[in-house]
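The block underneath contains the structure these notes are about, expressed in structure tokens.
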Amino acid sequence: MFQPLGGGGQLTRSIFNGATGLSQFFPQWNKIDLCVLTVTILDKIQKMHDLGLLFGCINPASIYIAGTQDVYFVDTDSWQVEGYPALSHNQTFTPPELLRDNKTLLIYTMDQENYQIAVLAFMLMMPGKFPYTKGKNADERDSIIDMAFPFSVGGGMRRSRDAERPSGIWRIVWDHLPYQMCDGFYNTFHSNGKYAQPGYRLDTTKWIKMTKDFNDTLMTSNGAGSRSMFPRTFRRDGKRVFVRCKICGQEHPDYYFIHSIHVQQEKIDIWERGYRICLPCASDQSNMSFRCECCGRQFYYTNRTKVLHEIGKSDFDFKKQRWCKDCKKRTIKCGHCGQEVPIYQMREFEDRLRNLRTSVCGNCFKELIEKSKQEKEAWKNSVGRWVSCRSCGRSFSITNGEIEYFSRKGYNLPTRCPNCRKKRY
Ligand SMILES: [Zn+2]
Ligand SMILES: [Zn+2]
Ligand SMILES: [Zn+2]
Ligand SMILES: [Zn+2]
Ligand SMILES: [Zn+2]
């Protein structure tokens with residue numbers, strides 16, 4: 001293996017490693033450097049193609065970058081001489097139709113090579129970004145087969161689906177690419193795209209042309225705002241209204257803010273109420289927190305959830321959150337009916353007569369309170385003490401209710417029977 005001395009590194013460890021790789025290997029580079037590099041790489045590939053050599057399966061780890069115009073292809077064992085099979089071992093660059101057929105030993109066609117060139121160009125222009133959205137189970141293979149491309153173009157705009165939230169940086173990087181290039185990527189990677197079907201893919205010369213055009217634009221003052229590798233916000237095209245986020249202080253177009261939230265199924269226009277929270281900030285941690293009464297852990301709300309609680313409190317009579325998500329899921333056996341009940345629904349029932357405390361479910365709590373009221377009534381009406389009358393000597397009864405009443409009033413218990421009391425007055 002040939003490895004040049006000096007600075008630089010593998011494509012995989014530098015540019016394909018995104019912001020981290022760039023800051024490590026090429027911290028000074030901007031989009032112009034990236035365009036020059038991309039043209040250098042694609043030119044080299046074009047020259048190979050002219051000689052009838054195909055990459056076979058692109059392995060970005062074998063592309064070594066010493067400078068924007070100083071690129072080496074090392075470890076060329078996997079190259080494919082036209083018509084001879086290559087071992088496919090890099091899923092990321094494998095065209096969807098080959099994954100669908102589940103083949104491993106393959107003869108790549110020029111068209112399949114072109115697909116890989118497009119992936120290469122995409123991951124260079126969107127430094128390190130894989131073209132597809134891997135979805136919830138993060139399956140690369142499925143995303144390629146489905147061609148789940150999250151970016152789009154239309155009406156002169158570069159759009160991106162919500163799938164790219166929350167970080168949103170790729171929406172911004174995408175927005176700064178030239179329209180022609182976005183159109184090329186979209187139509188190659190989106191399942192409905194013009195160049196998506198085998199046999200229709202753009203060849204290397206097209207990508208070289210688009211990259212050179214981009215480079216030219218960046219060199220003019222028009223493209224100045226797009227030169228940064230990871231611009232902080234969208235293009236200032238003169239049509240978009242830019243607003244300052246009250247949390248991070250960055251200016252963004254108004255569509256890059258949360259405009260509404262749902263509180264108990266009701267849509268609340270928070271933009272109207274003066275909230276200016278950009279999308280990345282919406283999912284960042286806020287300064288508002290609560291401590292779970294069950295597990296004692298402290299939880300910080302995101303800025304979005306903070307707004308939800310603020311509006312919930314003012315408009316919907318929200319109470320302060322008492323239990324975390326985990327604890328809400330945890331159940332405990334009711335001390336009365338024996339059913340498994342969420343911990344937060346448990347009530348502490350105090351049986352004063354028997355001096356007992358039991359954790360019970362909400363239903364049992366109501367039932368026990370009712371029962372204890374009846375018990376209390378019965379207890380009040382039952383005899384608490386027998387006393388012999390001071391006047392006639394007959395014994396008479398005093399109920400528990402009376403004893404309670406007299407002692408509460410601070411009176412002594414009666415010493416004469418009801419009959420003798422009547423006679424006296
Ligand atoms: Zn912000
Ligand atoms: Zn808990
Ligand atoms: Zn908890
Ligand atoms: Zn119960
Ligand atoms: Zn008496």
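Counting starts at 1 for both ligands and their atoms, following the listed order. Computed from a predicted structure; not experimentally measured. Values below: every heavy atom of this structure, side chains too, minus hydrogens, waters and symmetry copies.
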- Counting N and O atoms only, with roles assigned by atom type, does the side chain of Thr204 sit under 3.5 Å from a partner on the main chain of Gln46, one being a donor and the other an acceptor? no

- Query: Which pairs pass side chain to side chain donor-acceptor pair (under 3.5 Å) with one or both residues in residues 262-271, sequence neighbours excluded?
  - Reply: none

- Message: Strictly under 2.8 Å of the Zn ion (ligand 5): which protein N/O/S atoms qualify?
- Response: Cys389 SG, Cys392 SG, Cys417 SG, Cys420 SG

- Message: Whether the side chain of Lys246 engages the backbone of Gly274 through a donor-acceptor N/O pair (distance < 3.5 Å, no angle test) should be reported.
- Response: yes

- Message: Under the rule for ring-ring contact (aromatic ring centres under 6.0 Å, His included), what residues qualify as partners of Phe93, not counting sequence neighbours?
- Response: none

- Item | Spacing of CD1 belonging to Ile65 relative to CD belonging to Gln10, to within rounding of 0.5 Å | 9.5 Å

- His259 NE2 to Ile277 CD1 distance, which is reported to the nearest 0.5 Å: 11.5 Å

- Query: Just wondering, is there an N, O or S atom on Cys294 that's nearer than 2.8 Å to the Zn ion (ligand 3)?
  - Reply: no

- Query: Hey, what do you get for CZ (Arg240) to CZ (Phe234), rounding to the nearest 0.5 Å?
  - Reply: 7.0 Å

- Message: Only to 10 degrees, please: what angle do the SG atom of Cys292 and the SG atom of Cys295 make about the Zn ion (ligand 3)?
- Response: 110°

- Message: Check whether Arg244 reaches the backbone of Glu251 with its side chain - one donor and one acceptor, N or O, closer than 3.5 Å.
- Response: no

- Candidates Asn114, Thr188, Asn187, Asp111 - the one meeting side chain to side chain donor-acceptor pair (under 3.5 Å) with Arg201: Asp111

- Could you walk me through whether Ser372 and Phe349 pass side-chain contact (heavy atoms from CB on, under 4.5 Å), step by step? CA-CA 10 Å; Ser372 82; Phe349 177 73; 4.2 Å; yes

- Query: How many N, O or S atoms of the protein are nearer than 2.8 Å to the Zn ion (ligand 1)?
  - Reply: 4

